[in-house]
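Below: one structure, written as structure tokens.
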Number of protein chains: 2
Amino acid sequence: MNERALHFLKALVERYIRDGQPVGSRTLAKDTGLDLSPATVRNVMADLEDLGLVVSPHTSAGRVPTVAGYRLFVNSLLTWTPPSEDDVASLRTRFGVKCDAKSLIETASNLLSGVTHLAGVVMMPRHEHNVFRQIELLPLSEKRVLAILITSEGEVHNRIIGTDRYFTPSQLEQASNYLNQMFTGQDIGEVRKRLLEDLKRAYASMDQQMIQAAALAQEVVAAAEQRDDCFIAGQTNLMEFGELASMERIKQLFDAFNQKREILHILDRCIAAEGVQIFIGRESGYALLDDCSLVTTTYRVDDRVVGVLGVIGPTRMDYQRVVPLVDVTARLLAAALRQ
Amino acid sequence: MNERALHFLKALVERYIRDGQPVGSRTLAKDTGLDLSPATVRNVMADLEDLGLVVSPHTSAGRVPTVAGYRLFVNSLLTWTPPSEDDVASLRTRFGVKCDAKSLIETASNLLSGVTHLAGVVMMPRHEHNVFRQIELLPLSEKRVLAILITSEGEVHNRIIGTDRYFTPSQLEQASNYLNQMFTGQDIGEVRKRLLEDLKRAYASMDQQMIQAAALAQEVVAAAEQRDDCFIAGQTNLMEFGELASMERIKQLFDAFNQKREILHILDRCIAAEGVQIFIGRESGYALLDDCSLVTTTYRVDDRVVGVLGVIGPTRMDYQRVVPLVDVTARLLAAALRQ
DNA sequence: GTTAGCACTCACTGACGCAGAGTGCTAAAA
DNA sequence: TTTTAGCACTCTGCGTCAGTGAGTGCTAAC
């Protein structure tokens, strides 16, 4: 594999990323600045096509990179440069305000989509040690109780729970005191397990009071434990790209975004990997994202990976710019969460 | 204005709603069952066109209803029938689970979009008397405090607030005790006003402790007061309608949905009106919704209007079916909130 | 008031041709 | 051996053109 051929491939991919049109031999000959004739370029192109790095959509069109072409481009042909000072500065200021995890996640995905003009997606942080801090049970009406659970990370979960019987305020206070005494400082997962055991024991001993208290706590703890959620922003940016622009295609994509399930599944697979990951076209393994690329990276708090964030865009995205931006956003989000 | 002409108009609108194609005299002649020739129908059509109730897109096309045509159809030509038992039953069961206002709102908008195949939108309930019930201030880290406010409606608001100085847990407890004593049972709006006054007075007397406590409370109370929010579901349904199907058009619409501001503004205007409101085409006054219709109604808790809900779809929507569904959804939501 | 007849208009479709872009191949030049 | 010029060829895209079908408006007869 020729040095020059690689140079041509690089020029071709860059050109195609720029204007989205198949690139012909004449254009490419000018682009590279090597002062070669179009005919020569054609020969090289034919080689690249044999190698499966480019294709032409039809006989008399220019060439377009294949997935393998993009892959080679991204792996070996690109030198990553840090994002522009301006971009970093504007990101940094927007992360300035201290607030809760949820808002930070939302900010991050908005920033990602804003700065890349793609769709930004951020997973909620998953704290390995999510610690029970305090529970509060409040009477709301005849048969409804408001349960509030506060974890050590400052997350607040609340649920309204319908009950079979009426609880007096003092009964609820007693119950919450009991729960707080028992569980404060323990891992949420642990708490859930122990609550289930308690519930079993209480059933056995027919301790109505206990049953109810444990059942109430159970519900809100369950809510706190399943923290699988993500934010997606800037979906509409994807409508601007001609290659995705069939209405049907976009609808499927948006429906998937709304469901979130598939997206979460994909992100989940990235959490194990180190550093920035790039899935080009069908590499992601999801038919939905066939002509999309996904750039993700993990973010960490206290040196532990807690989540994934990234962007979704057409395969024809400006990797050179996008990848460093995703990387730096992850760092900034991590810093903001660490506070 | 002829009785028969109205009959024709009705048939025409119904037909157009069904297949979205301009309706010709031949088709209409068959549709009405009056056994008249196409020529006669043409005469009537010409009259309707003079009255501005229908137009033909071009010389040799059939007729399409104008906004005025739809308006007449909706106001005088339609008899509202209750929604099908099946629809109501499926709605009712989905509202069955008791939970907090936010989830109910979300459910409602999902149901609306699901059952009508349009975009569903629901405003958060606005309680006129949103009463301060309890505040909790918890230390989170060096200079961050978690503030939790619970209102009488069982809504929980929490914010993480960055502070200039360190607070000991007991200081925070003292502050929250003070705030609870002062404000429990009072209207949130009132509380906010009084907090501002307190803050002023505290500044005058240089009471640092007070200043900080009031400032903390202030933030979370502010968050609780501005309850302007809404849920929009099923946006992608709108992509299925040919008449809105230019990508650019849809993008604008979706961007507006994401912004929410304009949508909230429109819904706000509906809150004063009684019963179901229908805005056809440009009647809404928003260029964005030019070829969309908006069907809204208010929902009430304890005989007080607290919010608005409805659907957004193309002008060519099945009003006969949609309007009763919006109506019944509002009732069901109200019932679910009342529990 | 209703209808038949007729001329007319307009969108849509498919055929045709043509220009433009780009290719592959071959043979000559470097 | 590599590069280039030349040439035939193949597509797409665009505009033109005629034919068809759907539908209209008008007029005159029923």
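The sequence lines fix the lettering, A, B, ..., with proteins before strands; numbering per chain opens at 1.
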Interatomic distance where CG belongs to A/N2 and C1' belongs to D/dT3 [whole Å]: 13 Å

Salt bridge flag under 4.0 Å for residues B/E14 and B/K10: yes

Base versus backbone protein contacts along nucleotides 11-30 of chain D [heavy-atom cut-off under 4.0 Å; B, S, -]: BS---------BBBB-----

Between C1' of C/dG1 and CZ of B/R4, the distance in whole Å: 8 Å

Residue pairs fulfilling salt bridge (charged side-chain N to carboxylate O under 4.0 Å, His left out) with at least one residue in residues 46-55 of chain A, sequence neighbours excluded: A/E49-A/R63

B/D35 CG to C/dA4 C1', straight-line distance once rounded to whole Å: 15 Å

Between the first and last five pairs of the helix from C/dG1-D/dC30 to C/dA30-D/dT1, the angle of the axes, rounded to 10 degrees: 20°

A/L12 CG - C/dG22 P separation (whole Å): 12 Å

B/D19 side-chain N/O to B/Q21 backbone N/O, donor-acceptor pair under 3.5 Å: no

Separation of atom CZ in B/F8 from atom C1' in C/dT2, rounded to whole Å: 12 Å

Parallel, tilted or perpendicular: ring planes of B/F254 versus A/F254, cut at 30 and 60 degrees: tilted

Test item: A/T66 side-chain N/O and A/L53 main-chain N/O as donor-acceptor pair under 3.5 Å: yes

Expected output: side-chain B/K260 to main-chain B/C230 donor-acceptor under 3.5 Å: yes

B/S37 side chain near C/dT2 phosphate (N/O to OP1/OP2, under 4.0 Å): no

Under 3.5 Å donor-acceptor, A/R282 side chain and A/V67 backbone: no

A/Y70/A/E283 under side-chain contact (heavy atoms from CB on, under 4.5 Å): CA gap, chis, key distance, verdict: CA-CA 11 Å; A/Y70 279 119; A/E283 285 180 356; over 6 Å; no

